[in-house]
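Notes follow once the structure below has been shown.
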Amino acid sequence: MGELKYELSQNAYIKLVLHARKHKTAAVNGVLLGRVSPQNDAVVEIADSVPLFHSHLGLLPNLEISLIMIEEHYGAQGLGIVGYFHANERFDDLELDSIAKNIGNHICRYFPQCAILLLDNKKLEALPKGKDRSPVMQLYIRDASKNWKLVGSDGGCQLLTKEPAANVVLMDYISSEKWQDIVDFDDHLDDISKDWLNPDLFK
């Protein structure tokens, strides 16, 4: 598949991390919305993200409903589902579990360059102490034998944030407890007045 770059917009990135921060003691997930760059087919532009669930992550009926609604909304903007985000329940757990792989495999049927992003809690915890500009996530892609593999920092495929100061903005949102405002599909299915698009989050 060649060497792909995954370019993550600041808002998409921050929304996913805040979702995980809101539900620190639970596994959470979300989907990435974007497209292959019209200028360069080796770049996947991740323009937005939607937080999905913080309980029963693999419950199929809820997952199917949410994916249909997400595809309808973003399809009108020329964007599709290009990847999946997962944060494990345990702080030190960096294993990609079967739910993440299964949802990733499902997305791959429609978008073969699908990425899975796994939250790295240790990198997130270290952010206030350092100047790291790289995303606090690990990048997984599917290899030729359809196994998910972690992409290292040895060149090759890369995950980067579109805006270099994304981590500075993220820390600002965390310190002001902006994560409390995040709405995911679990919240929406419990109370449909809650908007899973989070339109006011960055206002």
Side-chain angles (χ1 to χ4, degrees), residues 1-24 28-52 70 74 77-88 94 96 100 104 107 111 113-141 148-179 181-182 184 197-203:
M1 202 193 307
E3 306 302 1
L4 288 168
K5 274 197 170 64
Y6 295 85
E7 193 178 77
L8 188 54
S9 80
Q10 181 171 289
N11 286 4
Y13 172 58
I14 289 174
K15 216 187 289 185
L16 294 170
V17 181
L18 292 182
H19 183 220
R21 183 73 180 69
K22 181 175 182 179
H23 304 285
K24 279 174 83 170
V28 306
N29 62 359
V31 287
L32 315 173
L33 288 305
R35 61 180 183 168
V36 174
S37 167
Q39 286 81 36
N40 183 349
D41 62 9
V43 175
V44 177
E45 299 173 340
I46 301 167
D48 206 348
S49 63
V50 175
L52 288 177
I70 291 165
Y74 284 95
Q77 302 174 27
L79 301 175
I81 296 174
V82 297
Y84 173 78
F85 169 78
H86 193 89
N88 285 320
L94 281 172
L96 206 58
I107 297 168
F111 190 78
Q113 307 95 314
C114 170
I116 294 180
L117 304 183
L118 182 68
L119 182 69
D120 186 331
N121 276 304
K122 289 185 176 166
K123 275 188 88 169
L124 176 58
E125 190 181 46
L127 269 192
K129 307 177 190 85
K131 299 264 191 299
D132 194 350
R133 289 184 164 194
S134 63
V136 293
M137 298 169 183
Q138 296 188 346
L139 170 64
Y140 285 81
I141 58 166
W148 289 97
K149 63 165 189 167
L150 175 63
V151 177
S153 52
D154 53 354
C157 292
Q158 274 184 303
L159 173 69
L160 36 101
T161 49
K162 189 176 178 185
E163 294 87 354
N167 279 339
V168 176
V169 180
L170 171 62
M171 290 314 303
D172 188 45
Y173 275 115
I174 288 175
S175 62
S176 62
E177 300 194 352
K178 192 77 174 165
W179 41 268
D181 301 335
I182 279 276
D184 64 12
L197 287 167
N198 290 282
D200 300 323
L201 188 66
F202 298 111
K203 285 184 177 169

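Contact check for V28 versus D184: no side-chain heavy atoms found under the 4.5 Å cut-off. Side-chain atoms of L52 and V31, non-hydrogen and from C-beta on, do get closer than 4.5 Å to each other. A 4.5 Å side-chain heavy-atom check between R133 and T161 finds every atom pair outside the cut-off. Contact annotation: the side chain of V136 approaches that of Y13 to within less than 4.5 Å [non-hydrogen atoms, C-beta and beyond]. Within the 4.5 Å cutoff, no side-chain heavy atoms of V169 are placed close to those of E163.
Among the candidates K162, R35, K5, the single residue satisfying the side chain to side chain donor-acceptor pair (under 3.5 Å) test with E45 is R35. The side chain to side chain contact (heavy atoms under 4.5 Å, CB included) test with M137 is passed by exactly one of L118, V17, L124, D120: V17.
F111 meets the ring pair (Phe, Tyr, Trp, His ring centres under 6.0 Å) test with no other residue; sequence neighbours excluded.
A distance-only check finds no donor-acceptor pair linking the side chain of Y74 to the backbone of D48 [under 3.5 Å]. Put simply, the side chain of K149 never gets that close to the backbone of I141: no donor and acceptor are under 3.5 Å apart. When atom types are taken as modelled, the side chain of N167 and the backbone of D132 share a donor-acceptor pair closer than 3.5 angstrom.
Here the closest heavy-atom approach between residue S49 and residue A12 is recorded as OG-O, 2.8 Å. Counting all heavy atoms, side chain and backbone alike, A47 lies closest to S9 at O-OG, 2.9 Å. Residues W148 and G104 come closest through the heavy atom pair CZ2-C, 3.4 Å. Between Y140 and L94, the shortest heavy-atom contact is OH-O, 3.5 Å. The nearest pair of heavy atoms linking C114 to I107 is SG-CG2, 3.7 Å. A pairwise comparison of heavy atoms in L18 and W179 identifies O-CB, 3.4 Å as the closest pair.
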field: Audit row: Y6, L117, side-chain contact (heavy atoms from CB on, under 4.5 Å) steps and yes/no
entry: CA-CA 10 Å; Y6 295 85; L117 304 183; 6.0 Å; no

Test side-chain contact (heavy atoms from CB on, under 4.5 Å) on L159 and V151; report intermediate values, then the result. CA-CA 9 Å; L159 173 69; V151 177; over 6 Å; no

Worksheet item: Are K15 and F202 close enough, and set up right, to give a side-chain contact (heavy atoms from CB on, under 4.5 Å), and what steps lead you there?
Response: CA-CA 9 Å; K15 216 187 289 185; F202 298 111; 4.1 Å; yes

Report task. Report the C-alpha distance between L160 and E7 in whole Å, list the side-chain angles of each, state the deciding distance to 0.1 Å, and finish with yes or no for side-chain contact (heavy atoms from CB on, under 4.5 Å). Result -> CA-CA 5 Å; L160 36 101; E7 193 178 77; 4.0 Å; yes

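Rounding to the nearest 0.5 Å places NZ of K122 at 9.0 Å from CD of E125. The CG atom of L96 sits 8.0 Å away from the CG atom of N88 when rounded to the nearest 0.5 Å. The distance from atom CD1 of I182 to atom NZ of K22, rounded to the nearest 0.5 Å, is 7.5 Å. Between the CG atom of N11 and the CD1 atom of I46 there is a distance of 13.5 Å, given to the nearest 0.5 Å. Separating the CG atom in D181 from the OH atom in Y173 is a distance of 10.0 Å, to the nearest 0.5 Å.
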List, one per line, each side-chain donor-acceptor pair under 3.5 Å for residues 77-84, sequence neighbours excluded.
unit_1	atom_1	unit_2	atom_2	d
Q77	NE2	H73	NE2	3.2
Y84	OH	N29	ND2	3.2
Y84	OH	H86	ND1	2.9

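K123 and S134 form a side-chain donor-acceptor contact under 3.5 Å, judged by distance and modelled atom types alone.
With respect to D172 and K178, no salt bridge is recorded, no charged nitrogen being found less than 4.0 Å from a carboxylate O.
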